[in-house]
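Following: one structure in structure tokens, then a few remarks.
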Amino acid sequence: MIISFEGIDGCGKSTQTALLTDELKSHNKMAFVLREPGGNKISEKIRELLLDNKNSSMRSETELLLYIASRTQLVRDEIKKLLDDNFIVILDRFADSTTAYQGYGRGLNLEIIEQLNYFATDNGRYMPDITFLLDMPVETAFSRMMLRGEEINRMESSDKGFFERVRKGFITIAENEPGRVFSIDASLSKEKIFAQIKKILKSRNVI
Ligand code: TYD
């Protein structure tokens, strides 16, 4: 089973990913977290290229293909093997991020992105079974990011309009695929968010 977490930067995905991993382990389930872009040697190298502030001249099209390249490697090198070994794979971002960021955010062709995601996920074989969209207003996410005090990377330095489009993209994806994507109000406390996640996983007999 593959479970992915999505949302704009600063939405609290990493906290929920960690909570879920602990919860699954407490149910004696084997769980493994991978982040995107990244998650293995080659994909982490691609991540460096993508997030480096020095690469401000990177074309949107190049950006798209690098995210897809990172995913292509991750699926074949890590996700396949983990699923074969009966792990629950938890993904901190996946294909929907490309649709939202490069499609809705950068305005690249959504049909091409769908095809590239299909290719990267081995003809759709490795798409998430369940996706949690942690949705929050861009303003809230921005102030959280500032509070983190970390250096802002190339993607995070995009303007507010970009993130508004990305958020709208995620909401559209959730509306289009209600059986897979569950939208959760990420401005709630981390405990309340996690309670909703658990409820959904219980209803799907995952825990
Ligand atoms: P990450 O550093 O994991 O940021 P966060 O912790 O805020 O989620 O994600 C890297 C950035 O890459 C993030 O700004 C979202 C962006 N991204 C895309 O634009 N397209 C993609 O397909 C993926 C996976 C991420």
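First listed ligand is number 1; within each ligand, the first listed atom is number 1.
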Specify the protein heavy atom at minimum distance from atom 25 (C) of ligand 1: its residue, its atom name, and the distance to 0.1 Å. Y67 CE2, 3.3 Å

Checking salt bridge (charged side-chain N to carboxylate O under 4.0 Å, His left out) for the pair R35/E44: CA distance, chi angles, key distance, verdict? CA-CA 9 Å; R35 71 165 176 183; E44 288 290 335; 2.9 Å; yes

Atoms of ligand 1 less than 4.0 Å from Q102 heavy atoms? 18 (C), 19 (O), 20 (N), 21 (C), 22 (O)

Should K13 be counted as touching ligand 1, given the test is an N or O pair under 3.5 Å? yes

What atoms of ligand 1 come closer than 4.0 angstrom to any heavy atom of R71? 22 (O), 24 (C)

In terms of residue, atom name and distance, what is the protein heavy atom nearest to atom 7 (O) of ligand 1? D9 OD2, 3.0 Å

Consider salt bridge (charged side-chain N to carboxylate O under 4.0 Å, His left out). Of R47, K13, R71, R93, which one does E36 pass it with? R71

Looking only at protein heavy atoms, which one is nearest to atom 22 (O) of ligand 1, and what is the separation? T98 OG1, 2.5 Å

Determine, for D9 against R144, whether the closest basic-nitrogen to carboxylate-oxygen distance falls under 4.0 angstrom. no

Any nitrogen or oxygen of R47, main chain or side chain, under 3.5 Å from a nitrogen or oxygen of ligand 1? yes

Just wondering, are more than 12 heavy atoms of other shown residues or ligands nearer than 6.0 Å to CD in E61? yes

Starting from atom 9 (O) of ligand 1, locate the nearest protein heavy atom and write down its residue, its atom name and how far away it is, to 0.1 Å. R93 NE, 3.5 Å

Do we see a donor-acceptor contact under 3.5 Å between the side chains of T99 and E114? no

Under 3.5 Å donor-acceptor, D96 side chain and S4 backbone: no

